[in-house]
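FYI, side chains are in, hydrogens and waters are out, and symmetry mates aren't considered; it's all heavy atoms of this structure.
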Amino acid sequence: MSISSLPVLRWVATPLSPTTDLHRAPARQGLRNPAWLHSRFGDFINLCYFGFVEGLRKQGKSQRWRAAVAFPNLKSDDFSHPLDRQNTALLKAIPGLNELGKILLGPVAEQVMFLENIGTSVLVSEDQLSNLYRLMLDASKILSLEAPDLYVRQSPTPNAYTLAIGGKKPFVVIHTSLVELLTPMELQAVMAHELGHLKCDHGIWLSFANIITLGAYTLPGLGTVIARSLEEQLLRWLRAAELTCDRAALLVTQDPKVVISVLMKLSGGSPSLANQLNVDAFLKQAHSYDEASSNPLGWYLRNAQTRQLSHPLPVLRAREVDNWARSPQYKNLLAHAIKASHPMT
């Protein structure tokens with residue numbers, strides 16, 4: 001049996017499984033028929049489940065009670081952030097942008113980026129860093145996506161990125177300092193975030209944005225005008241795309257605290273401090289930031305602080321993850337995935 005065919009073996013909270021638990025009930029009318037029970041009590045079971053999970057979340061308890069469910073036939077529109085969709089549409093509407101991209105993302109630029117990354121990193125496989133390999137395979141399976149290649153690169157800066165080069169298999173690069181900083185589940189959340197870029201076809205746009213904002217300045221005359229007019233919009237799109245990919249991380253981990261813990265550690269974590277960090281305190285910090293920036297001056301300063309960033313502020317990303325974990329959209333996606341993993345017979 002290949003590793004790709006193995007079930008996902010991470011553990012989070014789940015409702016009572018009608019196909020594995022209810023059939024053990026006493027032999028009364030209908031109790032030995034899981035389909036009968038699920039058709040009558042499935043909604044009630046799921047309602048109790050989400051209430052129970054919310055209670056565990058408020059108490060700060062870990063949710064690791066069942067194999068994480070996959071999302072068959074998942075589409076990017078099922079989880080993409082509204083700001084991502086909006087800003088992607090705006091980019092596509094810019095006249096000549098696609099043509100410019102074809103010039104800048106030519107075969108030479110693609111080959112340079114490809115060789116730079118594979119020549120200075122370690123390719124992860126079943127025989128090389130197999131634990132990381134399985135984490136990537138499981139995350140890809142949950143998101144209904146073909147697993148990209150995964151590389152580990154030596155760097156003191158915690159980071160990960162994705163490249164989708166035309167005609168080549170996309171790949172994800174993770175820095176060694178990130179591996180040292182995060183737990184396996186948190187590391188898988190980072191992988192899932194990068195898979196979100198691929199699921200939503202962000203990989204091409206990410207390469208496009210980087211080359212335009214850096215390379216367009218080198219074009220004589222028109223280059224400066226292009227870069228100045230596109231830079232702010234590209235950065236706005238990049239920030240929105242990150243919010244979508246944080247949602248992909250939540251779909252894989254199925255525990256918002258894991259994703260928020262990643263953001264917290266990237267803000268102020270280190271291997272020696274990791275066990276002392278508190279996710280709930282970080283969320284309170286996020287709400288404090290919202291309150292401090294709610295007046296006109298705070299709003300202006302907040303925009304000035306973020307407009308030149310490629311990523312939203314970590315506290316804002318944490319708040320977005322927490323909000324989406326509570327949303328009907330996420331709960332419905334998870335409920336449908338659970339139901340699909342236990343089809344009625």
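Contact of the P148 side chain with the L198 side chain is registered, since non-hydrogen atoms from C-beta on lie closer than 4.5 Å. With a 4.5 Å cut-off on side-chain heavy atoms, L150 and M191 count as touching. For the pair W237 and L90, the minimum side-chain heavy-atom distance is 4.5 Å or more. Using a 4.5 Å heavy-atom cutoff, the side chains of L250 and W324 are in contact. Counting heavy atoms from C-beta outward, N87 and D84 have side chains that stay 4.5 Å or more apart. The shortest side-chain heavy-atom distance between V179 and L181 does not fall under the 4.5 Å cut-off. C200 is listed as a side-chain neighbour of F79, based on a closest heavy-atom distance under 4.5 Å.
Side-chain polar atoms of H202 and E242 form no donor-acceptor pair below 3.5 angstrom. Donor-acceptor pairing under 3.5 Å is lacking for the side chains of S155 and N159. Side-chain N/O atoms of R326 and N323 include no donor and acceptor closer than 3.5 Å.
Taken together through direct or relayed side-chain contacts under 4.5 Å among Ile, Leu, Val, Met, Phe, Trp and Tyr, V315 and L243 form parts of separate hydrophobic clusters.
Sorted by first and then second residue, the pairs that involve residues 171-196 and meet salt bridge (charged side-chain N to carboxylate O under 4.0 Å, His left out), not counting sequence neighbours, are E186-K265.
S261 contributes no side-chain N or O that, together with a main-chain N or O of V258, makes up a donor-acceptor pair within less than 3.5 Å. The closest donor-acceptor contact from the side chain of H81 to the backbone of L83 lies under 3.5 Å.
Taking F71 as the reference, nothing meets the ring-ring contact (aromatic ring centres under 6.0 Å, His included) condition, with sequence neighbours excluded.
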**OP:** Would you check, one step at a time, whether the test side chain to side chain donor-acceptor pair (under 3.5 Å) holds for T120 with R153?
**Re:** CA-CA 7 Å; T120 57; R153 186 172 187 173; 3.2 Å; yes
**OP:** Begin from the C-alpha positions of L182 and V190 and carry the test side chain to side chain contact (heavy atoms under 4.5 Å, CB included) through to its verdict.
**Re:** CA-CA 9 Å; L182 304 179; V190 171; 3.6 Å; yes
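Heavy-atom neighbours of Q86 CD from other residues, nucleotides or ligands within 6.0 Å: above the threshold of 12.
Pairing each heavy atom of T253 with each of A189, the nearest pair is CG2-CB, 3.6 Å. Looking at every heavy atom in both residues, L132 comes nearest to V152 through CD1-CG2, 3.8 Å.
The existence of a salt bridge linking D322 and K257 is excluded, since no basic side-chain nitrogen approaches an acidic carboxylate oxygen closer than 4.0 Å.
Through ILVMFWY side-chain contacts below 4.5 Å, L273 is grouped with nothing and stands alone.
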